[in-house]
Amino acid sequence: MKLVLPKLPYDLDALEPTLSKHQVELHYKGHLKGYIDKLNQMPFVANASRMKLEEIILKGKHEHVDNRLGVLPPGEHPSTLYNISAQVYNYTFYFNSLTPKGGGNPEGDIGEIIDAQFGDWESFRKKLIAKGKNLFGSGWVWVVIDDEGEISIIKGLNAEVPFVYRLIPILCIDVWEHAYYVDYENRRGEYLRAVADNLLNWDFANKNLSHAG
Ligand SMILES: [Fe+2]
């Protein structure tokens, strides 16, 4: 099977001025395409017949790397198949979590749940930004919902993807440095504030909420 680069849901320059065309192009055509190319070269994927990306991720989660380097004990090191397939999922989710003229006060069901659980958008926004600023190293900030219907803001280190932990993803923000360094250099907090205020896609969040049932 062969995975194809998913279509970006807007033009490369549509997120300006929050994210420049150069920033988005490098991220989408450089990083995401790079992960898809690598995944397609992996024997498990190349030899598989049709398979969902989620199934590949779960297969990778249970496949431990060869421990010949002796750095980490088997079982604690995510496999390359997991890391790469999870990143394809995360990137795709991230680009769908953004939209031109998004952000700010949430609309629809997500707005009601945020108000009920966090008090108001401003309190939620502060927590979202703080979570991303405080993440040490590379990773993701996820808004997720659990099977009790409770919303949480969680950190995902490196390539971690919430659904393997039975948390349904609602939105995410990439806080790997390459996601913002072209436009914001080392000012991660500024990037997070700008995304929260100008780009978060509440329609996508509401769609994910409705699937969470
Ligand atoms: Fe990224």
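Counting starts at 1 for both ligands and their atoms, in listed order. These figures come from a predicted structure and were not determined experimentally.
As a member of the Ile/Leu/Val/Met/Phe/Trp/Tyr network built from side-chain separations under 4.5 Å, V182 groups with L26.
The six-membered or imidazole ring of Y91 lies away from that of W176, with a centre-to-centre distance of 6.0 Å or more.
In this structure, F93 and Y89 have parallel ring planes: the angle between them is below the 30° cut-off, well short of the 60° mark.
None of the N, O or S atoms belonging to Y94 lies under 2.8 Å away from the Fe ion (ligand 1). At least one N/O/S atom of H178, from backbone or side chain, sits under 2.8 Å from the Fe ion (ligand 1).
Within D174, the N, O or S atom lying nearest to the Fe ion (ligand 1) carries the name OD2. Nearest N/O/S atom of H27 relative to the Fe ion (ligand 1): this is NE2.
Within 6.0 Å of atom NZ in K133, 12 or fewer heavy atoms from other residues, nucleotides or ligands are found, so the atom counts as exposed in its surroundings.
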